[in-house]
Engineer: 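There's a structure below that I have some questions on.
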Amino acid sequence: MQPNKKSGQKIPPKHINARDTFLIQPKGIGTVLTNRFSFTINFASSFGLGSVLAAAVLTTGCNLTEANQNDAANEAKSIDLLNVSYDVSRDFYKDYNPLFNANYQQKHPSIKVNINQSHGGSSKQALSVANGLQADVVTFNQESDMNLLVEKGLVASDWQQALPNNAVPYTSTMVLLVRAGNPKGIKDWADLARNDIAVVLPNPKTSGTARYAFLGAYGYGLHHFKEKVQSPAKTDVFIKKLLANVVTYDNGARAATTSFTQRGLGDVLITTENEANLVAQQFAMGQVDIVYPSYSIEIANPVAVVTAVTDTAGKTKAANAYLKGLWDKPAQELMAEMYMRPSDEQVLAAHKDTLPDIETFEPVAVFGPWAEIMDTFFVDGGRFDQLARTK
């Protein structure tokens, strides 16, 4: 086992004059967070083709983006992108989107890109896209979720080669978030199996973060007891005790954060490094401490364009630019500032005071390919179910 160092409002009746411009901001779109979500409709000064198409948008409800793209009378084009992502990435993308827009607008002054965000448990999000949610880009925290969309023909099979670093712009790791002053004296994974500890953890059936949490603890057990995944007797006993201490399985990582910080459940929350720091710096400042375990798991956060959607809508170029921008220096710096570990080694090195060295392992190096990990641990009746039901 080799450690790896490093989410239609109606237009009120109004007389339409030549060159009038309306801004429409739709609301109530489920899990999609509206972020710079706007449509601009330009009416030509005469009743030509442009006016007919624009009027058709208002009267028939056809896609505004498509109308803009096909209307030669428009002076500018508006493209709407939906980024379907995992739960705790929302804060990063909320800040990344303005960076991307400013840079893209400089290069393409006649094109406006409107970014919308949708967030939830990574696997739940992947399933929503597989079942019809029209994502333009997906930014997950687990390769198996991306593989599902490849199998469905929504993401290209060579998605890892389409972007640098196998399409992983940043990584993270699992840490332990405890109450201020660490009253239970939690220092490592082993303490989570004690009889006096209450653990908060998302549901590994719906949350990629929770899978990493489970695998992080399991990998620690294998490492600590010097066992192999094929014969994990002592590790299984350890994990049974840990799971017996779990007081809630929330659907996603942010819901687990809420359970720990606002509902007051548990002595320790198992979460990602960036989420833990966000909680410590913003959500619950002065109420929590972060404990770095001695040995933890590396979390890869893959991204891809949903070409089955963007090719049809004519948005692939903009979608590619959106994801490629994640490797630009300002985006990499933003990642580090938000306690994500950027793929740019120089940027990472410059933030060692807030992103300390920690011994980590890659899940595929210990447990095998993600398809095998899912079949072994997370299918119905798999090892997680077996260990979780044994109290």
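Below, all heavy atoms of this structure are taken into account, side chains as well, without hydrogens, waters or symmetry copies.
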Engineer: Between Ser259 (side chain only) and Leu265 (backbone N and O only), is there a donor and an acceptor less than 3.5 Å apart?
Structural biologist: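 No, because the side chain of Ser259 does not come within donor-acceptor range (under 3.5 Å) of the backbone of Leu265.
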Engineer: Between Trp189 and Tyr295, is there a donor-acceptor pair closer than 3.5 Å when you use the side chain of the first and the backbone of the second?
Structural biologist: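 Checked: pair present.
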Engineer: Pro204 and Tyr249: which non-hydrogen atoms are nearest, and at how many Å?
Structural biologist: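 For Pro204 versus Tyr249, the nearest heavy atoms are CD-CD2, 4.2 Å.
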Engineer: Does Glu333 reach the main-chain N or O of Val347 with its side chain, forming a donor-acceptor pair under 3.5 Å?
Structural biologist: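 Not confirmed, Glu333 side chain does not pair with Val347 backbone.
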Engineer: Applying the side chain to side chain contact (heavy atoms under 4.5 Å, CB included) test to Ile270, which of Val246, Val200, Leu192 qualifies?
Structural biologist: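 Exactly one option meets the side chain to side chain contact (heavy atoms under 4.5 Å, CB included) with Ile270, and it is Leu192.
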Engineer: Do side-chain atoms of Thr235 reach the backbone of Gly221 as a donor and acceptor pair under 3.5 angstrom?
Structural biologist: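 Checking the backbone N and O of Gly221 against the side chain of Thr235, a donor-acceptor pair under 3.5 Å is found.
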Engineer: So, are Lys205 and Asp380 salt-bridged, with charged N and O less than 4.0 Å apart?
Structural biologist: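 Yes.
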Engineer: Could you give the distance from CZ (Arg211) to CE (Met374), rounded to the nearest 0.5 Å?
Structural biologist: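 Taking CZ in Arg211 and CE in Met374, the distance rounds to 3.5 Å.
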Engineer: Tell me, with the steps shown, if Asn83 and Ser85 meet side-chain hydrogen bond (donor to acceptor under 3.5 Å, both in side chains).
Structural biologist: CA-CA 6 Å; Asn83 174 11; Ser85 192; 4.5 Å; no
Engineer: Evaluate the side-chain hydrogen bond (donor to acceptor under 3.5 Å, both in side chains) criterion for residues Thr316 and Asp311: first the C-alpha distance (whole Å), next the side-chain angles of each, then the deciding distance (0.1 Å), finally the verdict.
Structural biologist: CA-CA 6 Å; Thr316 301; Asp311 285 352; 2.5 Å; yes
Engineer: Using 30° and 60° as the class limits, which term best fits the ring planes of Tyr93 and Tyr96: parallel, tilted or perpendicular?
Structural biologist: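 Perpendicular: the ring planes of Tyr93 and Tyr96 meet at over 60°.
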Engineer: How many angstroms lie between OG in Ser296 and CD in Glu359, if you round to the nearest 0.5 Å?
Structural biologist: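 Rounded to the nearest 0.5 Å, the OG-CD separation comes to 10.5 Å.
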Engineer: Less than 4.5 Å apart, side chain to side chain, heavy atoms only: is that true for Ser123 and Asp145?
Structural biologist: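 Yes, side chains in contact.
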Engineer: Do Asn301 side-chain atoms and Tyr170 backbone N/O form a donor-acceptor pair below 3.5 Å?
Structural biologist: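 Checking the backbone N and O of Tyr170 against the side chain of Asn301, a donor-acceptor pair under 3.5 Å is found.
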Engineer: Donor-acceptor check, side chain of Lys352 to backbone of Asp357, threshold 3.5 angstrom: yes or no?
Structural biologist: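 Side chain of Lys352 to backbone of Asp357, a donor-acceptor pair under 3.5 Å: no, none is there.
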Engineer: Out of Tyr212, Trp370, Phe384, Phe367, which residue meets the ring-ring contact (aromatic ring centres under 6.0 Å, His included) rule with Phe377?
Structural biologist: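 Looking at Tyr212, Trp370, Phe384, Phe367, the match for Phe377 under the ring-ring contact (aromatic ring centres under 6.0 Å, His included) is Phe367.
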Engineer: With a 3.5 Å distance limit and no angle check, can you tell me whether Glu275 reaches the backbone of Val88 through a side-chain donor-acceptor pair?
Structural biologist: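 Side chain of Glu275 to backbone of Val88, a donor-acceptor pair under 3.5 Å: no, none is there.
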Engineer: So does Pro169 get a backbone contact from the side chain of Gln332, meaning a donor-acceptor N/O pair under 3.5 Å?
Structural biologist: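 Present.
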Engineer: How long is the gap from NZ on Lys241 to CZ on Arg194, to the nearest 0.5 Å?
Structural biologist: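 Rounded to the nearest 0.5 Å, the NZ-CZ separation comes to 12.5 Å.
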Engineer: Is the NZ or CZ atom of Arg254 positioned over Tyr86's six-membered ring, under 6.0 angstrom from the centre and within 45° of the axis?
Structural biologist: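 No - Arg254 does not lie over the ring of Tyr86 by the 6.0 Å and 45° rule.
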Engineer: Please check if the side chain of Asp250 supplies one atom and the backbone of Gly252 the other of a donor-acceptor pair under 3.5 Å.
Structural biologist: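 Not confirmed, Asp250 side chain does not pair with Gly252 backbone.
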Engineer: Can you spot which of Asn141, Asp87, Thr271 makes a side chain to side chain donor-acceptor pair (under 3.5 Å) with Thr209?
Structural biologist: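 The single option meeting the side chain to side chain donor-acceptor pair (under 3.5 Å) with Thr209 is Asn141.
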Engineer: Phe214 and side chain to side chain contact (heavy atoms under 4.5 Å, CB included): which single residue from Leu242, Leu201, Leu243 fits?
Structural biologist: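 When Leu242, Leu201, Leu243 are each tested with Phe214, the side chain to side chain contact (heavy atoms under 4.5 Å, CB included) holds only for Leu243.
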Engineer: Roughly how far, to the nearest 0.5 Å, is the CG atom of Asn320 from the CG atom of Asp136?
Structural biologist: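 That separation rounds to 11.5 Å.
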Engineer: Hey, what do you get for OG1 (Thr272) to CD1 (Ile299), rounding to the nearest 0.5 Å?
Structural biologist: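 One finds 6.0 Å between OG1 of Thr272 and CD1 of Ile299.
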Engineer: So, using ring-ring contact (aromatic ring centres under 6.0 Å, His included) as the criterion, who are the partners of Tyr339 when residues are at least two apart?
Structural biologist: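 Tyr339 satisfies ring-ring contact (aromatic ring centres under 6.0 Å, His included) with no residue once adjacent residues are dropped.
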Engineer: Determine whether a donor-acceptor pair (N or O, by modelled atom type, separation under 3.5 Å) exists between the side chain of Lys184 and the backbone of Ile197.
Structural biologist: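 Looks like no, no N/O pair under 3.5 Å.
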